[in-house]
Amino acid sequence: MAWSNESVVTEFILRGLSSSSELQIFCFLFFSIIYAATVLGNLLIVLTIMLEPRLHSPMYFLLGNLSFIDMSLASFATPKMIADFLSEHKAISFEGCITQIFFLHLLGGAEIVLLIAMSFDRYVAICKPLRYLTIMSQRTCIGLVILSWVVGIFHALSQLAFTVNLPFCGPNEVDSFFCDLPLVIKLACIDTYILGVFMISTSGMIALVCFILLVISYTIILVTVRQRSSGRSSKALSTCSAHFTVVTLFFGPCIFIYVWPFTDFPIDKVLSVFYTIFTPLLNPVIYTLRNKDVKDSMRKLSSRMFKSRKTVQTP
């Protein structure tokens, strides 16, 4: 893909979340804390799953990969946004803008496939427990993770295949804190209606269809769980409810933004903050607070690290 020779715009101006200097200081402190908590929380989950043998199962393997994607999703634009709170010239280069779009759709596409894989894992565990380890083998889990990244790459490239060659010769202000495809293509010097329709069919509708399929999947799981009245079923219900909460938090804003890309809603900016910053933070909170195994493993890991540090410090 080559950059368009017709574009005279070399950078885009990001309007950010607010023009108030006082509010920007508050936002700088607030989002710095949120970003640090997101990275540390997801990193803790990844390390706990890697280091605790009791968590070496298909469900936690997929959860660890989800935390890695969430950590990356929170990092593709948030550090730039935090730095812009202290800058008067909130600019991003044309190449940097395209890069943000690429990573947004790469990570978003990968997370969609991974959430579907996690739903499939729970379906097999609850509806076909005797064949669980056979179906969800190590090879299958690795294949699902690889598939999520491959789908993410192809999805991102499909979004940029036409976008990078659009002529940008006039307005260059993006009404957000990062470059999002629906906002950027509106700045092109040509009619982008057809491209917008393509974006709906590939991003908005895919997200909507996948969300509906996930709702159906978890409904089947819920019905199966309700037919059983055991402690194991109760644990499965708790796990699935946590999964479904994450699915709703991720897909809700995405569907709203990408199914109606031709219309500007004041809430769009809030939803962008939610699915790129808050959702990656809420995922580790939801999974740790509602999963006893993860909480116990984190306590054990913390205790082990504290004891080893104390041993090293003791002469």
Side-chain angles (χ1 to χ4, degrees), residues 14 16-17 24-52 55 59-87 90 92 96 99-115 118 145 148-149 152 156 176-180 242-243 245-247 249-251 253-254 269-291 293-295 297-306 309:
L14 302 174
L17 298 177
Q24 288 191 39
I25 297 297
F26 169 78
C27 288
F28 171 78
L29 296 173
F30 177 74
F31 285 107
S32 294
I33 295 171
I34 293 295
Y35 177 64
T38 300
V39 173
L40 292 175
N42 283 291
L43 185 60
L44 181 60
I45 288 181
V46 172
L47 291 176
T48 302
I49 291 173
M50 289 177 60
L51 298 176
E52 276 298 317
L55 299 182
M59 182 180 76
Y60 295 114
F61 176 76
L62 296 176
L63 174 58
N65 281 275
L66 178 66
S67 291
F68 177 77
I69 292 178
D70 281 334
M71 192 164 46
S72 304
L73 186 62
S75 301
F76 87 96
T78 308
K80 165 70 175 168
M81 178 192 70
I82 293 173
D84 282 345
F85 285 130
L86 302 179
S87 174
K90 300 175 175 58
I92 184 171
T99 301
Q100 282 193 342
I101 294 174
F102 173 79
F103 279 106
L104 172 63
H105 288 274
L106 164 65
L107 297 168
E111 181 151 344
I112 285 175
V113 177
L114 197 58
L115 288 172
M118 294 176 73
V145 171
S148 69
W149 286 104
S176 185
F177 61 94
F178 69 96
C179 288
D180 201 358
H243 285 206
T245 302
V246 170
V247 166
L249 292 174
F250 177 77
F251 278 95
C254 291
K269 200 177 292 187
V270 176
L271 293 176
S272 296
V273 171
F274 195 83
Y275 82 85
T276 59
I277 299 176
F278 287 120
T279 300
L281 172 64
L282 290 173
N283 284 359
V285 172
I286 291 170
Y287 281 114
T288 54
L289 291 180
R290 304 200 63 170
N291 192 304
D293 291 338
V294 175
K295 286 190 293 185
S297 296
M298 282 184 174
R299 291 194 195 100
K300 187 187 297 184
L301 182 63
S302 300
S303 176
R304 192 188 310 163
M305 292 176 63
F306 178 76
R309 183 180 300 176

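Scanning all heavy atoms of the two residues, the minimum distance from Pro79 to Ala74 falls at CD-O, 4.1 Å. In terms of heavy-atom proximity, Ser148 sits nearest to Val145 at OG-O, 2.5 Å. Between Lys90 and Asp84, the shortest heavy-atom contact is CE-O, 3.1 Å. Residue Gly64 comes nearest to Val46 through the heavy atom pair O-CG2, 3.5 Å, listed as atom of the first residue, atom of the second, then distance.
Below 30°, between 30° and 60°, or above 60°: for Phe278 and Phe274 the angle between ring planes is between 30° and 60°, a tilted geometry.
Side-chain atoms of Pro284 and Leu44, non-hydrogen and from C-beta on, never get closer than 4.5 Å to each other. A 4.5 Å side-chain heavy-atom check between Leu107 and Trp149 finds at least one atom pair inside the cut-off. Looking at heavy atoms from C-beta onward, Thr276 lies in side-chain contact with Phe76 at the 4.5 angstrom threshold. Residues Glu111 and Asp70 form a side-chain contact, since some pair of their non-hydrogen atoms from C-beta on lies under 4.5 Å apart. Taking 4.5 Å as the limit, every side-chain heavy atom of Leu29 sits out of range of all side-chain heavy atoms of Phe85.
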Working for side chain to side chain contact (heavy atoms under 4.5 Å, CB included), residues Ile112 and Phe251: CA-CA 8 Å; Ile112 285 175; Phe251 278 95; 3.8 Å; yes
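The CE atom of Met71 lies 10.5 Å from the OG1 atom of Thr38; values are rounded to the nearest 0.5 Å. Between Leu63 atom CG and Ile49 atom CD1 the span is 4.0 Å, to the nearest 0.5 Å. Taking CZ of Phe31 as the reference point, atom CZ of Phe26 lies at 8.5 Å (rounded to 0.5 Å). Taking CG from Asn65 and OH from Tyr60, the interatomic distance works out to 15.0 Å, rounded to the nearest 0.5 Å. In this structure, CD1 on Ile277 lies 4.5 Å from CZ on Phe177, to the nearest 0.5 angstrom. With rounding to the nearest 0.5 angstrom, the OG atom of Ser67 is 9.5 Å from the CG atom of Leu43.
Screening Leu104, Asn42, Thr78, Leu106 against Leu73 for a side chain to side chain contact (heavy atoms under 4.5 Å, CB included) leaves a single residue, Leu104.
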